[in-house]
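The structure presented is a predicted model; accordingly, all values stated were derived computationally and were not measured. All residue numbers refer to positions in the sequence shown, counting from 1.
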Amino acid sequence: MLTIADVSKSYGTRELFSDVSLFIARTDRLGLIGPNGAGKSTLFGLILGEERPDTGTIEWERGADFGFLPQESAPAGEETILHIATSGKKLEPTDDDFDIDYTLEPRAKKILAGLGFKEGDADKLAKTFSGGWVMRAHLARLLVAEPALLLLDEPTNHLDLEALLWFQDYLTRYPGGLVVISHDRAFLNALCTGMLELRAGTLHYYHGNYDNFLQEKEARKAQQAALFKNQQREIAHLQKFVDRFGAKASMASRAKSKEKQIERLEAVAIEEPHEELKRINFKFPQPPRSGLKVIELKHVQQAYGDHVVYRDLNFTAERGQRIVLVGPNGAGKSTLLKILGDAIPIQAGVRELGSNVVPGYFAQNRMDNLDPSLTVFENVMSLRTNENQLTEQQARAILGAFLFRKDDVHKPIGVLSGGEKSRLALARLLVKPPNLLLMDEPTTHLDIQSIDSLIGALKAYEGTLIFISHDVHFIRALAGTVLHVHSGRLTPYAGDYDYYLEKSKAGDARAALTAGFTDARPVQQKAATAPAAKAPAAPAAKKATPNEIRKFREHVGQLEKKVSELEAKQNEITAALEDPASYTDKGKFHHLNRELSVIVDEITAATTAWENAATKLAEMEQ
């Protein structure tokens, strides 16, 4: 379908890649990886014809079409979401009425729903949505059009976890080919049958998914190291002969022959394997030691208009804990992190920091951590205080660790890529190291090498870490405690992510981040605003009689039985969701999800009623 032959591309004196060749068949599903700046997006630009190669050719099979999703889209105009989603196909007839595709709009709306749009959103103007949602509409456009080859540049950056899982499942059944730039290991593992690594100006092909790539790359590296070592040993042996006998007339011809042999070996010399040089390399300066209790929330209430997120929320974190927040979209994970980081004012209750606690909040929207009116260098120097006495040399050293070197430090924030904004936001944390680190999706826009560097730095970090992530690799490497957030309730799991998977009986490690629930927002508000069932009040003015106590005990038993029945129903639905057959019927899958969400809210109300009644019974019996 696509043939790339001996392609080279340079910008000035900087060579991005040379003599790159690649053949893409219609059934290929390829992941394109490499460090930021290696030239992945430029290679896409060459394939799309937006740029011309310095040398080489790029040829498409006749009749093959492609669809491209860039990292960022152009600002939305007056078109609706549905118009964007259907713009890849013609809605109007060409020669006759038989050219009208009457399935187009229903198909587009179904795909938009899968990507997270609610009913009625399709007819709204795209400019009333954020840039991330407009990107979802453009992603829907590609899926509706079904080109022979999809070229996707970081498609998961703008998707929440539920939309990502839907999209991933959709691509497994996509009839065309796929080349995707992504730093999401789980996504690459689920989809790819081959990996392309752009490294040091060369394109390397590996069979299988990302995990297979890591294994094969390590094996190739070991093989190359062994060949290099053997070749160097042979060259050294030959050179020793030349050095020893080259000056002797009787051995001159043999020494000359050995020199030519050395020249032939050096002409086809095997390169010594080396690590990538261009990767962030840093560690957090160890922050001041805090008290045992780091932060506490007492009876906190938070709402957005009529939507109640938390009512009577209580939470405590202790020194050294590493807590990951999981739960369905809209359950309040980011809101909880913002409350902890004092990024939003709480409407009721108390937020109390422990002794000597210095919080640091790393926002999901990186611009919340950056000043757009300043350059990269000025954003770091703006943190200078009389206490830290930050010098220009120290600021440059910090930025250099995050790959901002030479003139890069004078870039305005507006021209930075998503990865550069993430790296700059991390760099700022090093100037005034917090001992309570609150991070919302810290791996977004970072390449895989940078994610590994961040994991290494956080493992050595001695402060308290509370974070949100949909990167299972990142979570497994760092989380010591899992806190499930749903319908205003926090459920702690006192163990790592695998312990959470075991206790929650979740089948898929990634799907378990949302615990099988659908979007909690609509149901949760009803549950939050509906009064909990109240136990019949015992007489307050007089002592309860034995008969009243007996009847009330029966009532408590009925409430407890109701909770048990609901929990049994929850287990049945969870088991059904773990059955792969449920995912072949999308209607059944969504019905089970909705039913489970309702059951969970009923359990919450029934448990509250039972606890209130049990407390009242204890008072009556006393």
Side-chain angles (χ1 to χ4, degrees), residues 11 14 35-42 45 69-76 127 129-135 153-154 156-158 181 183 278-282 284 334 337-338 341-344 359-385 388 390-434 437-447 449-451 453-454 457 467-469:
Y11 291 109
R14 185 190 175 203
N36 287 333
K40 301 185 295 296
S41 295
T42 300
L69 183 78
Q71 281 194 38
E72 304 291 341
S73 65
K127 67 181 182 181
F129 290 80
S130 68
W133 283 96
V134 174
M135 287 298 296
D153 193 349
E154 293 287 359
T156 64
N157 278 348
H158 302 285
I181 297 173
H183 303 314
K278 198 170 184 183
R279 60 186 297 173
I280 64 174
N281 183 20
F282 75 103
F284 287 103
S334 291
L337 215 59
K338 289 176 181 178
D342 201 23
I344 55 174
Y361 173 58
F362 187 82
Q364 184 176 10
N365 180 6
R366 304 298 185 249
M367 290 306 295
D368 290 347
N369 293 116
L370 305 174
D371 187 336
S373 67
L374 303 178
T375 65
V376 168
F377 179 71
E378 290 167 344
N379 260 277
V380 172
M381 285 303 297
S382 67
L383 299 175
R384 185 182 187 278
T385 64
N388 62 39
L390 181 69
T391 66
E392 290 192 8
Q393 185 177 1
Q394 288 170 329
R396 284 182 175 274
I398 290 172
L399 288 169
F402 290 87
L403 308 183
F404 293 103
R405 294 164 184 160
K406 298 181 179 178
D407 290 340
D408 287 344
V409 302
H410 299 304
K411 283 183 176 180
I413 300 302
V415 303
L416 297 184
S417 67
E420 287 173 322
K421 289 172 185 173
S422 289
R423 287 190 270 121
L424 178 56
L426 283 171
R428 283 168 53 89
L429 289 175
L430 266 63
V431 177
K432 185 181 179 183
L437 189 51
L438 307 159
M439 309 187 85
D440 196 344
E441 297 289 0
T443 63
T444 302
H445 296 295
L446 291 179
D447 60 35
Q449 292 86 352
S450 297
I451 292 172
S453 295
L454 178 58
F467 68 98
I468 301 168
S469 178

Handout entry: Which atom of G360 lies closest to which atom of P434, heavy atoms considered
Key = N-CB, 3.4 Å

Exercise for the section: State, to 0.1 Å, how close M381 and A395 come at their nearest heavy-atom pair, and which atoms those are. Expected result: SD-CB, 3.6 Å

Practice task
Would you confirm whether D440, through its side chain, and I468, through its main-chain N or O, come within 3.5 Å as a donor-acceptor pair?
Solution key: no

Fill in the blank from the handout: Shortest non-hydrogen pair, L374 vs S382, comes out as CD1-CB, 4.2 Å

Exercise for the section: State, to 0.1 Å, how close Y361 and A343 come at their nearest heavy-atom pair, and which atoms those are. Expected result: CE2-CB, 3.8 Å

Practice task
Check the pair F377, E392 against side chain to side chain contact (heavy atoms under 4.5 Å, CB included), reporting the backbone distance first and the verdict last.
Solution key: CA-CA 9 Å; F377 179 71; E392 290 192 8; 3.6 Å; yes

Handout entry: Min side-chain heavy-atom separation F362-L426 under 4.5 Å
Key = yes

Exercise for the section: Dump the intermediate steps for side chain to side chain contact (heavy atoms under 4.5 Å, CB included) on V376 and H410, then the final yes or no. Expected result: CA-CA 6 Å; V376 168; H410 299 304; over 6 Å; no

Handout entry: Distance-minimising heavy-atom pair for I181 and S41
Key = CD1-N, 4.0 Å

Handout entry: Side-chain heavy-atom pair T444, Q364 within 4.5 angstrom cut-off
Key = no

Problem - Heavy-atom check, side chain of F404 versus side chain of E420, under 4.5 Å - result: yes

Handout entry: Side chains of L446 and R423 in contact at under 4.5 Å (non-hydrogen atoms)
Key = yes

Exercise for the section: May I ask you to test the V409-V380 pair for a side-chain heavy-atom distance under 4.5 Å? Expected result: no

Problem - Side-chain (R384) to main-chain (T391) donor-acceptor, under 3.5 angstrom - result: no

Handout entry: L437 and M439, any side-chain heavy atoms less than 4.5 Å apart
Key = yes

Exercise for the section: Kindly indicate, with the supporting measurements, whether the criterion side chain to side chain contact (heavy atoms under 4.5 Å, CB included) is fulfilled by I398 and R396. Expected result: CA-CA 5 Å; I398 290 172; R396 284 182 175 274; over 6 Å; no

Exercise for the section: Verify side chain to side chain contact (heavy atoms under 4.5 Å, CB included) between L383 and R428, making sure each step is shown before the conclusion. Expected result: CA-CA 8 Å; L383 299 175; R428 283 168 53 89; 3.6 Å; yes

Problem - Heavy-atom neighbours of K338 NZ exceed 12 at 6.0 Å - result: no

Practice task
Applying side chain to side chain contact (heavy atoms under 4.5 Å, CB included), name anything that partners T443, two or more places apart in sequence or on another chain.
Solution key: I451, S469, D471, F474

Problem - Exercise: identify the closest heavy-atom pair between I413 and P372 - result: CB-CA, 4.0 Å

Problem - Atom pair CG/CG of L438 and D342 - distance to nearest 0.5 Å - result: 10.5 Å

Practice task
Taking the side chain as every heavy atom from C-beta outward, state whether L337 and F467 have any pair of such atoms under 4.5 Å apart.
Solution key: no

Exercise for the section: Please tell me if the side chains of F402 and L424 come closer than 4.5 Å, counting only heavy atoms from C-beta onward. Expected result: no

